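Written out below as structure tokens is the structure these notes cover.
The model shown is predicted, which means the values in this text are computed figures rather than measured ones.
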Amino acid sequence: MASSTPPHCSLTASKPYQNHPYPQKNHRQNPNHHHHHRNNPKWTAAHKVSLANPSLPSPHSAASPASAAAAATATQNPTFTSLSPLNAPKSDLGRDFSGRRSTRFVSKVHLGRPKTTISARHTSVADEALQHAIQYGKDENGLENVLLTFESKLCGADDYTFLLREFGNRGEHLKVVQCFEFAVRRERRKNEQGKLASAAISILGRLGKVDLARSVFDRALREGYGNTVYAYSALISANGRNGYCNEAIKVFETMKNNGLKPNLVTFNAVIDACGKGGVEFNKVLWIFDEMLKNGVQPDRITYNSLLAVCSRGGFWEAAKNWFNEMVDRGIDQDIVTYNTFLDALCKGGQMDSAFEIMSQMPTKNIMPNVVTYSTMVDGYAKAGRCDEALSIFNNMRFLGIDLDRVSYNTLLTIYSKLGNFQEVVDICEEMDDCGIEKDVVTYNALLGGYGKQGKYHDMTRVYKEMKAAQVCPNLLTYSTLIDMYSKGGLYREAMDAFKELKQSGLKPDVVLYSALIDALCKNALVESAVSLLHEMTREGISPNVVTYNSIIDAFGRYMSFEADFDGNGPSCPMLIEDLTENNTADGKGDSRIMKYFGQLASERVGPLKKDSRGRQEILCILGVFKKMHELEIKPNVVTFSAILNACSRCNSFEDASMLLEELRMFDNQVYGVAHGLLMGYRETVWVQAQSLFDEVRQMDTATASAFYNALTDMLWHFGQRHGAQLVVLDGKRRQVWDNVWSDSCLDLHLMSSGAAQAMVHAWLLNIRSIVYEGHELPKLLSILTGWGKHSKVVGDGALRRAIEALLTGMGAPFRLAKCNIGRFISTGSVVAAWLRESGTLKVLVLQDDRSHPASGGIHKISDLQMLPL
DNA sequence: CACGAAACGT
């Protein structure tokens, strides 16, 4: 195990669905790949690159998806640019199946423009039939009669296909089915029947009726006209566009097994399905590769779908490569290309690049539209740059671009998150005025916004309003309600929402379970949390990294790692898992969830309850880690922070080393830095530390500061105080905590206690150098600790007390401000005098308990046990 | 073929 640290750990892959794109597939293109990985020293620059850029699938510069694709192109399909004989016959199905085209038809028809200017393949009789169908075909019999009336005049599959599409445009899925059945009964020619089937499948797919699409397909197969590339492609697309990506891929495989050759449309549909379904990046590469090998030339839509795959996973570098590849291949780029590419950049946090690309659009004669702007607005908001988000939005308004529901929802989400509810109300009114109705996304954003601010009454009110407006709640709605109510301690309401969820027939997903588990964790009901973890697995819902992070964090928080050999602690749920294994009957899980709510509501156990179970719990947490490995759940930076925090709560090196060992299994680089600094091999690991910090800094400040806090706390806790200080200074330099210090003020409110203490020393040393350079200090000096908002226990002032003890301990002349208990103050002259005292420097300078000059040796965790505490 | 909503950390 030790020697096979998984290479797939990604610090930056914080989205659980985001699979790290390590190209298991790529060694074909890069035979050296595996060789390289195994033999590389642990912390090469190569590893760094793979961590820093989730879009780079391997340490190889040549193995980015696009260049992998390019390599495949170059080595396996030299005829890429020419039409290979393997290429399936070019079809115009792509155009034929386009819902947009038919929509355009409708508008043109309705504008009364002469039909001859449209490349319509249907006859005018079909138009007439449609008008009749709209007028008289309201019910099944009516439509049957209309169809019978026109039967003799309607001309083949093209006319019927036209009707199918028009019914589709009107959302009439039952009419689509009826019309298809009517038409196919009257058609003898197999290929015409096939056309009808493909059209019906595609249209039903667009309407979200995958089951109906499937039944049409099955019927087509049974009746001998369904075994065509077109029907399969339509079914793939129907599944893909409705999120049944695995099913889409299955259909794709079946199709090939039946001897059919996928064409451009098929591949486009499969790749598109992958993007929607969040399929592993490698799988997509593999399919794209297969496409090239089969001589099917990718077109604009293929690339747009590939870009969408990147956007989904945040693989912005791959997107960049593919975007450039399009230019190289002479493939036209359209507004969709740009919007998708921009979205990939935004999702990858590359806002400045995105802005640059957007600025170039007009020079390419592609004008940014409402989608472009919404994408950018959302990107800036997600990057925490709300000012810029709002200013982009105002730009869009200024340009007179018509706002759509999505753009309003995006804006609404921003104001909800900012807690600016006056704006939220105003926007809702504006939407009303424009006749844009709130949809489920709007309501979910509102619910989340009010909930996050603790405005549970408003949340309840909005939920009622939602139901009154007959907007059907979805799983996300219930998840939000349950999560928010639980966080607010309103377990009764949470339970009610859960009951409604059950009544609606929706099934809890991993997010909902994770929210419940987190609620249990936050109330120190870790055992219940772990047993719910097993419960969800039994229900067929796989936990992900977020689920585990909650639990690991709770262990770190509530476990005391003191050895306790009474041996009779409550048994660990992990260990009795098998006893409850056969509990899969439907409904049992639900009643158990109800039981957990009851447990939460009873408040018998407060968040301060600490069990002292020692070894038992160590075994339990090790079991949790083991399971995480078994399920191949990739940790992220939150996991690392949670493990480091747990280390800070260990009373012995031994326990901490056990946890660090877990860290090592997850990620050698993070382990290397944490362990190296802890052991005093700072000089050896500092370069690695720098590259690690570079990556951490790529993330948002909350995530980054959490990691810095956790690492520093751990070092401080185990006496590596100089090391801790170097880490916080690095964090300060990278602005992990904003505006930590000025000459007159040190703001510690975002810092953990170890980090804050190390920072106090650093700041005072800095002030001291000002004094020794002969400069005046500001009249008033302050140290802010806040009110414990960021403390593990809200309002307990742990940080304040730690700083107070620290200042007292070193005799620093600061006192608590009278009006603000989170603020220590002093005057410049008093502090300057103290700094000039002979003993002061000595108490300010921090030392490490352990330090080793650079020796370059490999240091094992077992070294820990050899050293004194 | 493009844009929007949820869980972990602070």
Just how far, in rounded Å, is [atom2] of [N] from [atom1] of [X]?
X	N	atom1	atom2	value
A:M751	B:dT10	CE	C1'	13 Å
A:L481	B:dA5	CG	P	18 Å
A:K522	B:dT10	NZ	C1'	11 Å
A:Y338	B:dC1	OH	P	21 Å
A:I271	B:dC1	CD1	P	13 Å
A:D378	B:dA5	CG	P	5 Å
A:L342	B:dC1	CG	P	19 Å
A:Y408	B:dA5	OH	C1'	19 Å

Where the side chain of [X] is defined as all heavy atoms beyond and including C-beta, which of [options] is the nearest nucleotide?
X	options	result
A:V371	B:dA2, B:dT10, B:dC8	B:dA2
A:D343	B:dC1, B:dC3, B:dA6	B:dC3
A:S514	B:dA7, B:dC3, B:dC1	B:dA7
A:T340	B:dC1, B:dA2, B:dA5	B:dA2
A:N709	B:dT10, B:dA6, B:dC1	B:dT10
A:V441	B:dA5, B:dC8, B:dC1	B:dA5
A:R300	B:dA5, B:dC1, B:dA2	B:dC1
A:A706	B:dT10, B:dA2, B:dA6	B:dT10
A:N369	B:dA7, B:dC1, B:dA2	B:dA2
A:N549	B:dA7, B:dC8, B:dT10	B:dC8

Under 4.0 Å between a side-chain N/O of [X] and OP1 or OP2 of [N], yes or no?
X	N	value
A:K487	B:dC8	yes
A:K634	B:dC8	no
A:N474	B:dA6	no
A:R557	B:dT10	yes

Between [X] and [Y], does the ring centroid distance fall short of 6.0 Å?
X	Y	result
A:Y338	A:F323	yes
A:Y450	A:F421	yes
A:F252	A:F267	yes

Sugar-phosphate only, base, or nothing, as touched by [X] at under 4.0 Å among non-hydrogen atoms:
X	answer
A:T375	sugar-phosphate
A:D509	base
A:S550	sugar-phosphate
A:K417	sugar-phosphate

Original post:
Between the side chains of A:D518 and A:N549, is a donor N or O closer than 3.5 angstrom to an acceptor N or O?
Top reply: no
**OP:** Run the salt-bridge test on A:E500 and A:K467 with the 4.0 Å N-O cut-off and return the result as yes or no.
**Re:** yes
**OP:** Please collect all salt bridge (Lys or Arg N to Asp or Glu O under 4.0 Å) contacts where either partner lies in residues 748-758 of chain A, sequence neighbours excluded, each pair once.
**Re:** none
